[in-house]
Number of protein chains: 2
Amino acid sequence: MLTIGQLAKYVGVSTKTIRVYHAKGLLPEPDRDSSGYRRYGAEAVVDLLRIRTLAEAGVPLATIRNLGAGQELAAALQQIDDDLTDRIRGLEATQARLRELASGDVQLLPAEVDVHLRGLAELGFSAQWVAMERDLWIIVFATYPETGDELFRDQAGALAEPALRELYLEYDRARDLEPDDPTLVDLADRIVAASIERYGSDLPGQAIDPNLPQLLQNTVNASSPAWQRLDQLIRRRLG
Amino acid sequence: MLTIGQLAKYVGVSTKTIRVYHAKGLLPEPDRDSSGYRRYGAEAVVDLLRIRTLAEAGVPLATIRNLGAGQELAAALQQIDDDLTDRIRGLEATQARLRELASGDVQLLPAEVDVHLRGLAELGFSAQWVAMERDLWIIVFATYPETGDELFRDQAGALAEPALRELYLEYDRARDLEPDDPTLVDLADRIVAASIERYGSDLPGQAIDPNLPQLLQNTVNASSPAWQRLDQLIRRRLG
DNA sequence: ATGCGACCTTGCCCCTAGGGCAAGGTCAAC
DNA sequence: GTTGACCTTGCCCTAGGGGCAAGGTCGCAT
């Protein structure tokens, strides 16, 4: 008959772990010897190995205690196996991201985007606009690096068209207007028309993550009450 | 600028998680807006994604906070990557054991061992001896299923030899002797001689796990003071 | 028979990484 | 102007043990 320490060493757990399993009703308390020590038989070894296998698979102890039998047990084990497969896949994905983080030296923005941002100032955009746009691109590339390029090329293309560039400049200049300034209504109308002409009813980026445009817009809105009003007007028109 | 909820949803964590990271100094507290709400910029998104990658890799938050830079950081990341590889391997091993557990219907002993145990009674062994030997085999097969067969074949071979079988029977009968019975000394001598003749100086099973023979012997000893004395005498001679 | 080190007992508090709830303030939309 | 969805801080709770205290016990050597 084994003492708790022998059992623990043999199965590769601590004595504390075994006592916890007793306290939680996972492993029956064995008989005590004349001096009150717990004495374990062979079934305890088998039970404990079974409990450890399940616990290492991530099954909560309370669940291990209540695993059914027969049909029910088989279904539960299948579920546990599937979950385990998912966790392994998840860890592999995490490892991939970890390696990007280690090797990539995490440059926040592609070089071409930095060039683009520096060019904005020369086109007449305010420093606040440039800073805000930089933040937006960081968010986009941090969360969707692969499609960020596509969005960026679209944006660069839009700025290459003089009419659209003028519209963006007006947007920038509207920042310090009062939210009830009547020129905002006219500006909103022209932005809606240009947007529909260029994109139809689907905003760029929407296919990637339906929340993305809203998130970016919220970031813009927070900088200025006039911009917030402008967004309201635009969305009212786009439906 | 993002609120805590927007940031949380975007990165895929709870707001509580972000507050915890602030409290632990992992993520700097951002500025507050006029009503006291936290407002986050793009760096927070980048920082949070980095923290989550590390946290999902199993790095404790306190460690994440203190990751160095440059050379030191690279070494730490390599260590984390290696640990992650180990954990993935471990989970795959756990999954393999889980499937054994699910499919194998966990029969404690191979059929041939059960036959062997039933045969012992007919050879004149006591019920206690048979029960004890059953426990021993359960422990062996539970912990080393692949080499249990080999040990078992050796044991069956030993019992097939009349002289050795008689020695085992004497061992069994010694159970209820007083520990200071002088016949134990003679029995120990003959057991040592037979053991050396059969195995040389290496006990069977020792190659698998150096603790295994001792563990099994402890189980035997616990049943009887005479057996414990016998073990002492034998080890003093072999030792 | 006495000491020693390694074991065992119960009971208690501590940790991580958050979850959940309360009580109150705020925002946006109808 | 009310309603629902946010936000704030503060507090307690959880799982799966780790670690310590204060005491009892074992086997082995002296």
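All values below were derived from every heavy atom in this structure, side-chain atoms included, with hydrogens, water molecules and symmetry-related copies excluded. Remember, it's a predicted structure, so these values are computed and weren't measured experimentally. In the text below, chain A, chain B and the rest are named by the order of the sequence lines, each starting its count at 1.
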For this session: Flag the pair B:R38 / B:L2 as yes when at least one side-chain heavy-atom distance between them is below 4.5 Å, and no otherwise.
Result: no
Exercise. Between A:D83 and A:R87, is the closest basic N to carboxylate O distance under 4.0 Å?
Worked result: no
For this session: In whole angstrom, give the distance that lies between atom OH of B:Y37 and atom C1' of C:dT26.
Result: 3 Å
Problem set entry | C:dG18 base / B:Y21 side chain donor-acceptor hit below 3.5 Å | no
For this session: Round to the nearest Å and state the distance from A:R19 atom CZ to C:dC12 atom P.
Result: 15 Å
Exercise. Is the shortest side-chain N/O distance from B:T17 to OP1 or OP2 of C:dA17 below 4.0 Å?
Worked result: no
Problem set entry | Shortest side-chain distance from A:S35, nucleotide among D:dC26, D:dA15, D:dG17 | D:dC26
Problem set entry | Any A:L61 side-chain heavy atom under 4.5 Å of A:L54 side chain | no
Problem set entry | Nucleotide D:dC7, atom C1' - distance to CE of B:M1 in whole Å | 16 Å
Exercise. Could you give the CD1-to-P distance, from A:I4 to C:dC7, as a whole number of Å?
Worked result: 13 Å
Exercise. If you take all heavy atoms of A:R65 and A:L26, which pair is closest and at what distance?
Worked result: N-CD2, 3.5 Å
For this session: Answer with base, sugar-phosphate or nothing: what part of the nucleic acid does B:R65 contact at a heavy-atom distance below 4.0 Å?
Result: nothing
Exercise. Between A:D33 and A:V20, which is nearer to the 5' end of DNA chain D once each is assigned its nearest nucleotide?
Worked result: A:V20
Exercise. Looking only at N and O atoms, is any donor in the side chain of A:K16 or the base of D:dG17 less than 3.5 Å from an acceptor on the other one?
Worked result: no
Exercise. Are B:R97 and B:E100 ion-paired here, with the side-chain N under 4.0 Å from a carboxylate O?
Worked result: no
For this session: Name the nucleic acid region contacted by A:R52, choosing base, sugar-phosphate or nothing; use a 4.0 angstrom heavy-atom cut-off, strictly under.
Result: sugar-phosphate
Problem set entry | Nearest-Å distance for atom pair CD/C1', residues A:Q6 and D:dG27 | 13 Å
Exercise. Does a nitrogen or oxygen in the side chain of A:R38 sit under 4.0 Å from OP1 or OP2 of C:dT9?
Worked result: yes
Exercise. So what does A:R32 touch, heavy atoms closer than 4.0 Å: a base, only the sugar-phosphate, or nothing?
Worked result: sugar-phosphate
Seminar exercise, completed: Sorted by position of nearest nucleotide on DNA chain C, 5' first, the leading residue of B:V59 and A:G5 is A:G5
Exercise. Over how many whole Å does the gap from A:L48 atom CG to D:dG17 atom P extend?
Worked result: 11 Å
Problem set entry | Nearest-angstrom distance from the residue atom CD of A:Q232 to C1' of C:dC27 | 13 Å
Problem set entry | Between P of D:dC28 and CZ of B:R229, the distance in whole Å | 11 Å
